[in-house]
Amino acid sequence: MKKTINTAVNFSIIAITVLIFGACTSDPDSSGYEYMPDMYRSPSIETYVDYGEIRGRENKDLKSKLSALTPPRNTIPFCGTDSTEVRLMLPNLRKANAAWKESHGFYGVDLSKDDEYLLAANDINPYKLTAANSASMMTNGKELFTAMCQHCHGEKGDGNGPMVTSGAYVGVPNYATLTALSDGQLYYSIYYGKNMMGAHNSLLSKKEIWTLVHYVRQFQDPNYGKFDANGTAMKSVVADSTMN
Ligand code: HEC
């Protein structure tokens, strides 16, 4: 009888040791074999996790399926508590013009409006340029412009980007000829697109678009974004400049 108990104890010790060490893996990021994974892991679907491949294990059924789905209609993104940013969390004040449907294939936006581009003339840039923020605003603007716009509009904003000089594309204006347009109209055209220019609202945030509006302005006026020793904006010839 004693022998049987001893054998059972020994067997249990061996079995437990095998179980404990058998759970180890050499992957430093792995917690080892999970005997009851449902108890450690939330079964909820997490945003941005590619469930098609986790730790090298492939799940063909879930491969290429987005876990980050389009948010419900009228969802408002949260971008902090700064009052300017909060204003921009709300849906865009101007809607796309009806004609934009043909040219830019918008889906799920109100296209009943006709004169929104003209109304946009009244919109001012919520991000004021100041002596303190001008340099960083222009640096950001240059970065965005180089990545998203320069191939058409050209490094100098003269409409001679490589897309145009290669002969692949026509109709890009020289920014210097557009001084009569207001900040709001520049914003509107970048946001919704205009004729041959595509909409950029899915590629850039509202803040980035307003930053680009400042950047486009400095092509039109070499003094735009420059301040004298007293921090006063140097004279700008640009229409509807918000630099004061
Ligand atoms: C594929 C080429 C292309 C790209 C990329 C492009 N544009 Fe344009 N853009 C155009 C064309 C063409 C027009 C002329 C539209 C018209 O007036 O018919 C234009 C016009 C404009 C205008 C004048 C809008 C108006 O109301 O008259 C602004 C401002 C502008 N672009 C800014 C930008 C900025 C900023 C970017 C980068 C985010 C950009 N564009 C990217 C081709 C492009």
Side-chain angles (χ1 to χ4, degrees), residues 77 79 84-85 88 92-106 109 111 113-129 133-225 236-243:
C79 323
T84 310
E85 312 277 342
L88 292 180
N92 214 28
L93 184 62
R94 308 291 166 206
K95 306 292 176 217
N97 283 338
W100 267 230
K101 190 179 180 190
E102 308 307 322
S103 52
H104 297 100
F106 282 124
V109 296
L111 288 163
K113 308 286 194 290
D114 251 339
D115 51 1
E116 293 285 272
Y117 178 64
L118 296 178
L119 291 175
N122 303 317
D123 300 345
I124 55 161
N125 195 333
Y127 295 100
K128 303 271 178 235
L129 270 189
N133 73 11
S134 177
S136 69
M137 187 79 84
M138 291 305 172
T139 309
N140 283 345
K142 189 179 168 64
E143 242 167 53
L144 294 167
F145 188 83
T146 308
M148 313 288 296
C149 327
Q150 192 170 296
H151 51 289
C152 286
H153 284 278
E155 202 179 342
K156 299 192 181 76
D158 54 6
N160 285 323
M163 287 275 284
V164 177
T165 51
S166 70
Y169 199 77
V170 288
V172 184
N174 182 345
Y175 287 140
T177 64
L178 301 177
T179 48
L181 292 175
S182 74
D183 285 350
Q185 286 172 308
L186 300 186
Y187 174 88
Y188 190 95
S189 295
I190 302 168
Y191 191 95
Y192 288 118
K194 190 179 179 198
N195 300 325
M196 293 278 282
M197 178 167 99
H200 284 81
N201 61 57
S202 61
L203 307 170
L204 297 164
S205 69
K206 291 175 185 167
K207 182 175 188 177
E208 288 170 331
I209 297 181
W210 283 120
T211 303
L212 279 164
V213 168
H214 282 308
Y215 193 70
V216 166
R217 288 306 193 195
Q218 55 81 44
F219 287 119
Q220 301 176 326
D221 177 357
N223 280 336
Y224 191 84
S236 167
V237 294
V238 166
D240 190 30
S241 168
T242 53
M243 278 181 50

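Both counts, for ligands and for their atoms, begin at 1 and track the order of listing.
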Heavy-atom proximity to atom 39 (C) of ligand 1, best of Gln185, Met197, Gln150: Met197

Selection from Gly141, Cys149, Ala121 by shortest heavy-atom distance to atom 34 (C) of ligand 1: Cys149

Enumerated ligand 1 atoms positioned under 4.0 Å from heavy atoms of Leu186: 29 (C)

Exceeds 12 heavy-atom contacts within 6.0 angstrom, atom NZ of Lys142: no

Nearest protein heavy atom with distance in Å, relative to atom 12 (C) of ligand 1: Gly171 O, 3.3 Å

Where ligand 1 meets Leu212 - atom numbers and elements under 4.0 angstrom, heavy-atom basis: 38 (C)

Closest to atom 33 (C) of ligand 1 among Tyr191, Phe145, Tyr175, Tyr169 (heavy-atom distance): Tyr175

Distance from atom 13 (C) of ligand 1 to nearest protein heavy atom, with residue and atom: Pro173 CD, 3.4 Å

Backbone or side-chain N or O of His200 under 3.5 Å from ligand 1 N or O: no

Gap separating the OH atom of Tyr175 from the NE2 atom of His153, nearest 0.5 angstrom: 3.5 Å

Heavy-atom side-chain proximity of His200 to Tyr191 below 4.5 angstrom: no

For the student: nearest non-hydrogen atoms of Met148 and Leu203, plus distance: CE-CB, 3.6 Å

From Leu118, Leu119, Asn97, Leu93, residue fulfilling side-chain contact (heavy atoms from CB on, under 4.5 Å) relative to Tyr188: Asn97

Side chain Tyr127, main chain Thr84, donor-acceptor under 3.5 Å: no

Selected option - heavy-atom contact closest to atom 21 (C) of ligand 1, from His153, His151, Lys194: His153

Distance, nearest 0.5 Å, that separates CG of Leu181 from CD of Gln220: 7.5 Å

Leu178 side, atom CG; Gln185 side, atom CD - distance, nearest 0.5 Å: 10.0 Å

Expected output: side-chain Asp123 to main-chain Ser182 donor-acceptor under 3.5 Å: no

Parallel, tilted or perpendicular: ring planes of Phe145 versus Phe219, cut at 30 and 60 degrees: tilted

Proximal atoms of ligand 1 relative to Cys152 (non-hydrogen, under 4.0 Å): 1 (C), 2 (C), 3 (C), 4 (C), 5 (C), 43 (C)

Atom indices of ligand 1, in the order listed, that fall short of 4.0 Å to a heavy atom of Asn195: 16 (C), 18 (O)

Contact with ligand 1 for Tyr117, non-hydrogen, under 4.0 angstrom: yes

Those atoms of ligand 1 less than 4.0 Å from some heavy atom in Leu181: 25 (C), 26 (O), 27 (O)

Interfacing atoms of ligand 1 (cut-off 4.0 Å, heavy-atom, Met196): 12 (C)

Contacting atoms of ligand 1, where contact means under 4.0 angstrom from a heavy atom of Leu204: 38 (C)

Proximal atoms of ligand 1 relative to Leu178 (non-hydrogen, under 4.0 Å): 23 (C)

